[in-house]
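Written out below as structure tokens is the structure these notes cover.
Note that the structure is a prediction, hence the values are computed from the model and not measured. These numbers come from the heavy atoms of this one structure, side chains and all, not from hydrogens, waters or symmetry mates.
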Amino acid sequence: MTTLYYSHPDFLFHETGADHPECPDRLRNITSALEAPEFSNLIRMLAPLGTEQQIRLIHPLFHIEGILAAIPKQGEYYLDHDTVLSPGSKEAAFRAVGAVCDAIDNVLTGKANNAFCAVRPPGHHAEPDLAMGFCLFNNVAIAAEYARRHYHLERIAIVDFDVHHGNGTQAAFYNQPNVLYASSHEMPNYPGTGYPTEIGVGNIVNVPLTAGDSGIEFRKKYTSIILPALRNFKPELLLVSAGFDAHKDDPLSSIKLIEDDFRWLTQELMHIADRYCHGRIISTLEGGYNLEALATSVAVHVETLMGN
């Protein structure tokens with residue numbers, strides 16, 4: 001199994017200020033965890049700069065220009081109460097987009113089986129015309145549209161296991177039958193979307209979790225709802241919004257998953273990909289705010305992608 005791992009030092013220069021949960025230390029801890037011997041075969045890639053053209057696959061020009069114009073020359077600027085810009089935010093955000101698009105190129109041309117993109121800022125809350133929830137540009141949505149446009153794929157599935165609903169990804173594809181968006185998320189929780197009644201044109205699958213749910217409930221809901229929806233859809237490419245904030249130790253949720261639950265889900269998604277997508281999975285980091293739990297959960301996720 002050939003697994004690509006995308007990162008870049010520029011991701012550390014997106015500063016969010018003291019005590020902000022979406023901080024550079026998240027990636028430092030992931031990097032440290034992936035230096036263990038079992039990751040020696042991981043192919044490490046420097047995330048290239050994405051392009052405005054790639055971002056415009058999802059976001060209108062005024063959205064891009066508005067964010068770039070708001071980037072401060074020093075300090076931090078708050079787009080809202082929790083979405084922050086700093087002098088390094090442009091390079092980080094553009095490299096996050098560049099990572100996912102480069103992963104699409106490498107996986108869809110057979111140069112790798114799968115990829116994990118350790119990027120920040122995250123993306124799944126960013127709606128086409130609104131930055132929110134720590135997110136500036138919607139990385140996974142851009143990846144999906146890039147794959148659809150450049151490789152003429154007819155069925156792309158996005159699975160989002162972040163504990164918060166990916167309202168931005170849902171908004172981007174709400175009326176797009178070629179993209180299946182399936183999300184498990186705690187409700188009620190930020191951002192307040194993700195009800196089962198939100199179904200788009202039959203391509204949106206929302207599976208709420210309840211505070212206190214453990215891996216038992218999580219696995220049951222995937223086994224009974226999301227995995228059958230993926231089999232029915234028969235995707236040609238599987239994208240993952242990999243948020244690890246449903247971990248029992250995460251400060252921003254009340255779901256009680258452990259590392260083995262992330263391992264189980266990754267294995268199940270790989271089975272789907274093997275059957276329908278020639279094994280093609282591209283996973284992109286979203287949330288996860290307990291530094292130790294994030295690092296150990298990502299390690300399990302990546303180790304499983306590697307076939308270990």
Answer with yes or no after comparing the ring centroid distance for [X] and [Y] against a 6.0 Å cut-off, counting only values under it.
X	Y	result
Phe137	His59	yes
His20	Phe134	yes
Phe244	Phe161	yes

| request: May I have the step-by-step check of side chain to side chain donor-acceptor pair (under 3.5 Å) for Tyr181 and Asn203, ending in yes or no? | output: CA-CA 6 Å; Tyr181 175 70; Asn203 64 316; over 6 Å; no

| request: Treat each ILVMFWY residue as a node, draw an edge where side-chain heavy atoms are under 4.5 Å apart, and state whether Ile55 and Leu49 are in one component. | output: yes

| Side-chain heavy atoms under 4.5 angstrom apart, residues restricted to Ile, Leu, Val, Met, Phe, Trp, Tyr: same cluster for Ile104 and Ile156? | yes

| said: Take a 6.0 Å sphere around CD1 of Ile216 and say whether it holds more than 12 heavy atoms from other residues, nucleotides or ligands. | reply: no

| Is the NZ atom of Lys221 crowded by more than 12 outside heavy atoms at less than 6.0 Å? | yes

| Charged N to carboxylate O below 4.0 Å: is that the case for Glu145 and Arg149? | yes

| said: With a 3.5 Å distance limit and no angle check, can you tell me whether Asp245 reaches the backbone of Val163 through a side-chain donor-acceptor pair? | reply: yes

| message | Donor-acceptor check, side chain of Asp213 to backbone of Ala211, threshold 3.5 angstrom: yes or no? | response | no

| query | How many angstroms lie between atom OG1 of Thr3 and atom OH of Tyr5, to the nearest 0.5 angstrom? | reply | 13.0 Å

| remark: In this structure, OG of Ser40 is separated from CG of Leu34 (nearest 0.5 Å) by 12.0 Å

| field | With Tyr190, the ring-ring contact (aromatic ring centres under 6.0 Å, His included) member among His81, His125, His124 | value | His125

| message | Are the side chains of Pro208 and Pro196 in contact, using a 4.5 Å heavy-atom criterion? | response | yes

For a quick check under 3.5 Å, do [X] and [Y] share a side-chain donor-acceptor pair by atom type?
X	Y	result
Ser86	Glu76	no
Asp102	Tyr6	yes
Glu127	Asn167	yes

| field | Nearest heavy atoms of Glu259 and Ser297, plus distance in Å | value | CG-OG, 3.8 Å

